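One structure is given here, and the rest of the page talks about it.
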Amino acid sequence: ISPNVLLMDEPLSNLDAKLRLDMRKAIKDIQNTIGITTVYVTHDQEEAMAISDRIAVMNFGVIQQIGTPRDLYQRPANLFVATFIGRSNILEGTAKNKTVRFTASGYEVKLDSLEKIPEQSVKISVRPEEFIICYGKDDEGIEAVVEDNTFLGLNTHYFMRLESGELVEIIRESLISGDLSKGDRVKLQVKTEKINVFSATEDGTTLIQREE
């Protein structure tokens with residue numbers, strides 16, 4: 001390591017949750033004030049995103065993607081990055097002619113970036129906050145049944161079973177009243193501009209990498 005580069009290896013690993021939050025802000029403030037390049041090693045994805053300007057995600061010693069926290073979260077290079085940085089539901093589907101079809105229900109969304117993609121099986125990455133919960137019987141979407149929910153103050157986490165048998169996690173801002181209960185039936189749509197579509201190969205190479 002160059003004398004002009006500071007190396008920090010898991011500096012917050014033994015701290016409790018609240019102190020970790022306070023210390024990671026303190027570290028970032030000091031680093032910005034001093035202006036020294038810092039290599040920060042951590043297994044905590046949220047910590048990496050909070051502190052870093054750029055992140056390198058590695059798997060078995062091989063760099064999978066280098067980018068800003070926003071790049072890695074919103075446009076991961078492959079399935080490993082999509083599931084390692086934050087949480088993501090991976091669903092089966094097919095893609096053809098600007099259209100992605102979810103195998104679970106036949107629900108379709110339009111993606112202009114797929115115009116030149118030949119018909120093929122794909123894996124669709126939908127983060128928990130990228131689902132839209134619908135209640136109308138005539139609404140299009142993926143049918144789902146609430147299996148469990150966890151109230152965490154600002155947000156409520158739902159675990160829903162799709163008609164295909166797949167289990168998905170959904171995060172929604174908590175309501176004052178009227179949160180969903182176990183056994184409730186809903187339909188799920190997705191925020192089309194946010195989802196990512198990957199080839200159905202083992203390495204999950206991205207099919208779409210749109211510029212924002």
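As the structure is a computational prediction, the values presented were derived from the model and not from experiment.
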Discussion item. Please determine whether residues Val57 and Met49 belong to a single hydrophobic cluster, defined as Ile, Leu, Val, Met, Phe, Trp and Tyr linked transitively by side-chain heavy-atom distances below 4.5 Å.
Written reply: yes
Worksheet item: CG/Asp179 to CG/Asn149 distance, rounded to the nearest 0.5 angstrom?
Response: 7.0 Å
Worksheet item: Could you state the interatomic distance from CG (Leu6) to CD1 (Ile34), rounded to the nearest 0.5 Å?
Response: 8.0 Å
Worksheet item: According to a 4.5 Å side-chain heavy-atom criterion applied to Ile, Leu, Val, Met, Phe, Trp and Tyr, with indirect links allowed, do Ile133 and Leu91 form part of one hydrophobic cluster?
Response: yes
Discussion item. Main chain of Tyr73, side chain of Arg127: is a donor-acceptor contact present, judged purely on distance under 3.5 Å?
Written reply: yes
Discussion item. On a heavy-atom basis, which atom in Val186 and which in Cys134 lie closest, and how many Å separate them?
Written reply: CB-O, 3.5 Å
Worksheet item: Hey, does the side chain of Ser52 reach the backbone of Ile55 with a donor-acceptor pair shorter than 3.5 angstrom?
Response: no
Practice prompt. Say whether, by atom type as modelled, one donor and one acceptor occur between the side chain of Lys25 and the main chain of Arg20 under 3.5 angstrom.
Written response: no
Practice prompt. Report yes if the side chains of Lys96 and Ile117 come closer than 4.5 Å at any heavy-atom pair, otherwise no.
Written response: no
Worksheet item: Under a 4.5 Å cut-off applied to non-hydrogen side-chain atoms, are Arg172 and Leu180 in contact?
Response: yes
Practice prompt. Carefully, step by step, assess Phe80 and Val62 under the rule side chain to side chain contact (heavy atoms under 4.5 Å, CB included).
Written response: CA-CA 12 Å; Phe80 176 82; Val62 178; over 6 Å; no
Discussion item. Show, in sequence, the C-alpha distance, side-chain angles and deciding distance for Glu46 and Arg24, and conclude whether the salt bridge (Lys or Arg N to Asp or Glu O under 4.0 Å) test is met.
Written reply: CA-CA 11 Å; Glu46 183 177 306; Arg24 76 186 189 192; 3.3 Å; yes
Discussion item. Looking at Gln65 and Arg75, would you say the former's side chain and the latter's main chain have a donor-acceptor pair under 3.5 Å?
Written reply: yes
Discussion item. Let me check something: do Leu154 and Leu175 share a hydrophobic cluster, defined by ILVMFWY side-chain heavy atoms less than 4.5 Å apart, either directly or through other members?
Written reply: no
Practice prompt. Would you please test Arg54 and Ile66 for side chain to side chain contact (heavy atoms under 4.5 Å, CB included) and show each step?
Written response: CA-CA 7 Å; Arg54 289 173 63 81; Ile66 299 176; 3.2 Å; yes
Discussion item. With heavy-atom distances below 4.5 Å as the criterion, would you say the side chains of Val5 and Val39 are in contact?
Written reply: yes
Discussion item. So does Pro118 get a backbone contact from the side chain of Gln120, meaning a donor-acceptor N/O pair under 3.5 Å?
Written reply: yes
Discussion item. Just verifying a value: how many Å separate Ile142 CD1 and Glu166 CD, rounded to the nearest 0.5 Å?
Written reply: 8.0 Å
Discussion item. Show the nearest heavy-atom pair for residues Ala82 and Ser125, with the distance to one decimal.
Written reply: CB-OG, 4.0 Å
Practice prompt. Measure the shortest side-chain to side-chain distance between Gln45 and Phe84 over non-hydrogen atoms and say whether it is less than 4.5 angstrom.
Written response: yes
Discussion item. As a quick check of understanding, evaluate side chain to side chain contact (heavy atoms under 4.5 Å, CB included) for Gln74 and Lys194, giving each step before the final call.
Written reply: CA-CA 7 Å; Gln74 295 183 343; Lys194 290 191 173 183; 5.7 Å; no
Discussion item. So Pro76 and Ile85, do their side chains get closer than 4.5 Å, heavy atoms only?
Written reply: no
Worksheet item: Does a side-chain heavy-atom distance below 4.5 Å link Glu163 with Ser105?
Response: yes
Worksheet item: So do the side chains of Leu12 and Glu47 get within less than 4.5 Å of each other, counting heavy atoms only?
Response: yes
Worksheet item: Under 3.5 Å, is there a donor-acceptor pair between the side chain of Asn78 and the main chain of Val81?
Response: yes
Discussion item. If only side-chain N and O atoms count, and only distance matters, is there a donor-acceptor pair under 3.5 Å linking Thr83 with Ser88?
Written reply: no
Practice prompt. Would you mind reporting whether Ile132 and Leu188 have side-chain heavy atoms less than 4.5 Å apart?
Written response: no
Discussion item. Donor-acceptor check, side chain of Gln64 to backbone of Ala77, threshold 3.5 angstrom: yes or no?
Written reply: no
Discussion item. Walk me through whether Lys191 and Glu130 qualify under salt bridge (Lys or Arg N to Asp or Glu O under 4.0 Å).
Written reply: CA-CA 5 Å; Lys191 298 177 182 178; Glu130 294 170 0; over 6 Å; no
Fill in: Distance, nearest 0.5 Å, that separates CG of Leu79 from CZ of Phe198
5.0 Å
Worksheet item: Does Phe159 offer a backbone N or O that forms a donor-acceptor pair with the side chain of Asp148 under 3.5 Å?
Response: no
Item to complete: Provide the closest heavy-atom pair for Glu140 versus Gln189 in the form atom of the first, atom of the second, distance.
Response: O-NE2, 2.8 Å
Discussion item. If you apply the rule side chain to side chain contact (heavy atoms under 4.5 Å, CB included), what do you find for Leu114 with Val100, and how did you get there?
Written reply: CA-CA 8 Å; Leu114 292 175; Val100 175; 3.1 Å; yes
Discussion item. I'd like to know if the side chain of Thr42 and the backbone of Ala48 have a donor-acceptor N/O pair within less than 3.5 Å.
Written reply: no
Discussion item. Can you tell me if Asp29 has over 12 outside heavy atoms packed within less than 6.0 Å of its CG?
Written reply: yes
Practice prompt. Give the minimum heavy-atom separation between Asn89 and Phe131, together with the two atoms involved.
Written response: ND2-CE1, 3.4 Å
Practice prompt. Any chance you could measure Asn155, atom CG, to Ile170, atom CD1, to the nearest 0.5 Å?
Written response: 13.0 Å
Worksheet item: Going through the checks in order, is the salt bridge (Lys or Arg N to Asp or Glu O under 4.0 Å) test met by Glu147 and Lys182?
Response: CA-CA 5 Å; Glu147 286 204 349; Lys182 184 176 181 179; over 6 Å; no
Worksheet item: Is Ile124 linked to Leu111 within one hydrophobic cluster, defined over Ile, Leu, Val, Met, Phe, Trp and Tyr using a side-chain heavy-atom separation of less than 4.5 Å?
Response: yes
Worksheet item: Between Arg185 and Tyr135, is NZ or CZ placed under 6.0 angstrom from the six-membered ring centre and within 45° of the ring axis?
Response: no
Worksheet item: Given the rule that I, L, V, M, F, W and Y join up when any side-chain heavy atoms are under 4.5 Å apart, are Ile90 and Ile171 in one cluster?
Response: no
Worksheet item: Shortest non-hydrogen contact from Leu15 to Met23?
Response: CD1-CG, 3.8 Å
Fill in: Reported CG-to-CE distance for the pair Asp184 and Met160, which is rounded to 0.5 angstrom
8.5 Å
Fill in: Whether Ser121 side chain and Thr94 backbone form a donor-acceptor pair below 3.5 Å
no
Item to complete: For Tyr40 and Gln31, test the side chains for any donor-to-acceptor distance below 3.5 angstrom and give the result as yes or no.
Response: no
Discussion item. Quick one about Thr99 and Lys110 (side-chain donor to acceptor, distance below 3.5 Å, no hydrogens or angles considered), yes or no?
Written reply: yes
